[in-house]
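A quick write-up on the structure given underneath.
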Amino acid sequence: MDDKTGGHLEIGIDGMTCASCSARVERALGKLPGVTSANVNLATERAEVLFDPQQLDAARIAEAIRESGYTPAEVLPQDKAKVVTQLQEQCRRVAFIGDGINDAPALAQANVGIALASGTDIVIEAADVTLSRRQLGEVVTALTAARRTLSNIRGNLFWAFFYNILLIPVAAGVAAPIGIHLNPMVAGVAMGLSSVFVLSNSLPLKRLKAYVPTVTPGAVQNTALEPAHS
């Protein structure tokens with residue numbers, strides 16, 4: 001929020017994706033007692049509200065935005081990239097998630113930019129990763145899939161190098177003096193088995209389950225319900 005004095009408030013709003021979203025928030029703000037003017041700009045993801053401070057305060061305005069289905073931002077849209085830069089100056093690696101036009105600079109600045117599927121074209125272009133569905137739980141799925149993939153790549157590289165370091169010298173005849181020879185047919189089968197091993201090591205990724213947070217009374221459980229690749 002910004003400039004809370006004199007009955008004037010500018011507040012960022014997260015989650016708006018279309019003109020009907022901004023119109024819905026504008027209607028909700030306009031119904032508040034004491035509001036003389038409410039203007040919601042989808043492009044800047046910001047609302048500007050003029051109100052009577054005797055009847056209304058910033059907290060009630062923020063609550064009205066939440067009740068309309070959207071989230072009051074802690075910083076204005078133009079400040080998002082600055083916050084990311086400040087975190088990076090503290091030697092932090094930053095992942096930023098967004099779907100609005102004004103998220104593009106922050107997505108480009110972050111170490112990893114993640115766009116929701118509902119995002120605009122410019123946001124998807126600026127991001128490094130685009131989630132297939134508009135669910136924040138997919139971020140956890142994406143991170144898990146990335147870690148599992150890198151682990152598989154390292155495993156495949158290790159076994160490929162180990163396999164070739166072991167068999168290529170034998171195929172070249174290094175062990176011939178002690179009577180060990182590698183038949184060409186056996187060598188062909190061995191090369192085929194190398195590819196089969198790499199493929200078999202990678203296939204478990206297909207069974208990776210999506211992260212789905214499930215809230216239960218008194219506890220939070222994480223339940224994998226559906227394949228992440230579906």
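We count residues from 1, following the sequence as given. Fair warning: this is a prediction, and the values are worked out from it, not measured in the lab.
- Looking at residues two or more places apart in sequence or on another chain, you find no salt bridge (Lys or Arg N to Asp or Glu O under 4.0 Å) involving Glu89.
- Of all the heavy atoms in Ala38 and Gly30, the pair that sits closest is CB-N, 4.3 Å.
- Each of Leu131, Leu116, Thr144 was compared with Val139 under the side-chain contact (heavy atoms from CB on, under 4.5 Å) criterion, and only Leu131 meets it.
- Not a single donor-acceptor pair under 3.5 Å links the side chain of Ser22 to the backbone N or O of Val40.
- For Ser151 (side chain) and Arg147 (main-chain N/O), no donor-acceptor pair under 3.5 Å exists by modelled atom type.
- Qualifying side-chain hydrogen bond (donor to acceptor under 3.5 Å, both in side chains) partners for Asp52, counting only residues two or more places apart in sequence or in other chains: Gln55.
- For the atom pair CG of Leu143 and CD1 of Ile114, the computed distance is 6.0 Å after rounding to the nearest 0.5 Å.
- Listed here is the closest heavy atom pair of Asn152 and Ser202: ND2-CA, 3.2 Å.
- The two atoms that bring Ala126 and Ala104 nearest to each other are CB-O, 3.8 Å, heavy atoms only.
- At least one donor-acceptor pair under 3.5 Å links the side chain of Gln88 to the backbone N or O of Gln109.
- The pair Arg60-Glu63 does not count as a salt bridge, with every side-chain nitrogen at least 4.0 angstrom from each carboxylate oxygen.
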Start with the C-alpha gap between Ile153 and Asn156, add the side-chain angles, then the distance that decides, and say whether side-chain contact (heavy atoms from CB on, under 4.5 Å) holds. CA-CA 5 Å; Ile153 289 172; Asn156 288 341; 5.8 Å; no
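- Nearest heavy atom pair, residue Ser68 against residue Val25, reads OG-CG2, 3.8 Å.
- In this structure, Ala64 and Leu29 approach most closely via the heavy-atom pair CB-CD2, 4.2 Å.
- Arg148 is linked by a salt bridge (Lys or Arg N to Asp or Glu O under 4.0 Å) to nothing, counting only residues two or more places apart in sequence or in another chain.
- A distance of 10.0 Å separates CD of Glu48 from CG of Asn41, quoted to the nearest 0.5 Å.
- A side-chain donor-acceptor contact under 3.5 Å links Asp128 to the backbone of Gly113.
- Atom CG in Leu32 sits 5.5 Å away from atom CG in Leu56 (nearest 0.5 Å).
- Among residues two or more places apart in sequence or in another chain, the side chain to side chain contact (heavy atoms under 4.5 Å, CB included) test is passed with Leu87 by Val83, Gln90, Arg92, Val94.
- Here salt bridge (Lys or Arg N to Asp or Glu O under 4.0 Å) pairs that include residues 18-42, with residues two or more places apart or in two chains, number zero.
- For Asp57, there are no side-chain hydrogen bond (donor to acceptor under 3.5 Å, both in side chains) partners at least two apart in sequence or on another chain.
- Side-chain contact between Lys80 and Pro105 is absent, with no heavy atoms from C-beta onward closer than 4.5 Å.
- Connection of Phe197 to Phe158 is established within a shared hydrophobic cluster, with ILVMFWY side chains joined at heavy-atom distances below 4.5 Å, either directly or through further cluster members.
- When side chains are defined from C-beta on, Phe51 counts as touching Ile61, because their heavy atoms get closer than 4.5 Å.
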